[in-house]
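This report concerns only the one structure given below.
Letters A, B, ... mirror the listed sequences (proteins, then strands); counts begin at 1.
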Amino acid sequence: MASPFYAQVYALVRQIPPGKVMTYGQIAWLLDKPQGARAVGWALHQLTPEMDVPWQRVINAQGKCSTFLQLSSDYTQQERLEREGVLFDEKGVTDLQQYQWHPPNALIDAILNNV
DNA sequence: GATCTGACCACCG
DNA sequence: CCGGTGGCCAGAT
């Protein structure tokens, strides 16, 4: 990992429970980079399916999938989330108020301390 | 070391 | 409501 920031992003994303989602900006903010949303996008862009990170649970601040590129399999990001119980409307928008996950502070602290 | 680019976000018209 | 613009961060060239 070139930067601990990447590892932190991955560690946090792995903790997102099924049926929940987080936004890029939220992740960046939790990792003490309030303006680092784009960096989070980069971290996820570097991911591979073999890394076993549920990147599909990370969406943009508008409640939509950032990309509809099929990156790894037969299903789109949205279809994967729908399987987990995250429902989208006809515009591909989900209700962040309902599905957004707020990790416990202890977890954030552990990740920031590189545990 | 400088410049470009990107799976973003907030703001403004 | 939708599209354009600026800004921040990290990686790639």
Worksheet entry | Distance below 4.0 Å between A:Lys33 side-chain N/O and C:dA10 OP1 or OP2 |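 For C:dA10, OP1/OP2 do have a side-chain N/O of A:Lys33 under 4.0 Å.
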Discussion item. Can you work out whether A:Ala61 or A:Arg38 has the more 5'-proximal nearest nucleotide on DNA chain B?
Written reply: A:Arg38
Fill in: A:Thr23 side chain, from C-beta outward: closest of C:dC9, B:dC9, B:dA7
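From the listed options, B:dC9 comes nearest.
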Worksheet item: To the side chain of A:Phe5, which of C:dA10, B:dC9, C:dA12 is closest?
Response: C:dA10
From [atom1] of [X] over to [atom2] of [N], roughly how many Å is that when rounded to an integer?
X       : N      : atom1 : atom2 : value
A:Gln35 : C:dG6  : CD    : C1'   : 12 Å
A:Trp42 : B:dC9  : CH2   : P     : 16 Å
A:Leu96 : B:dC9  : CG    : C1'   : 13 Å
A:Asp32 : C:dA10 : CG    : P     : 11 Å
A:His45 : B:dC4  : NE2   : C1'   : 15 Å
A:Leu47 : C:dA10 : CG    : P     : 17 Å
A:Met51 : B:dA7  : CE    : P     : 17 Å
A:Gln26 : B:dC8  : CD    : P     : 16 Å

Fill in: Under 3.5 Å: donor-acceptor pair, side chain of A:Tyr10, backbone of A:Ala43
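At least one qualifying donor-acceptor pair exists.
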Worksheet item: Between A:Gln77 (side chain) and A:Val58 (backbone), is there a donor-acceptor pair under 3.5 Å?
Response: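 Yes: the side chain of A:Gln77 pairs with the backbone of A:Val58.
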Worksheet entry | Neighbour count >12 (heavy atoms, 6.0 Å) for atom CH2, A:Trp101 | yes
Worksheet entry | Hydrophobic cluster membership, A:Val13 vs A:Leu30, 4.5 Å side-chain cutoff | yes
Discussion item. Side chains of A:Gln56 and A:Gln78 only: does a donor on one sit below 3.5 Å from an acceptor on the other?
Written reply: no
Discussion item. Would the base of B:dA7 count as contacting A:Tyr24 through its side chain, where contact means a donor and an acceptor less than 3.5 Å apart?
Written reply: yes
Worksheet entry | Along DNA chain C (nearest heavy atom to each residue), the more 5'-positioned of A:Ala37 and A:Lys91 | A:Lys91
Practice prompt. Please figure out whether A:Gln46 or A:Gly36 has its closest DNA chain C nucleotide nearer the 5' end.
Written response: A:Gly36
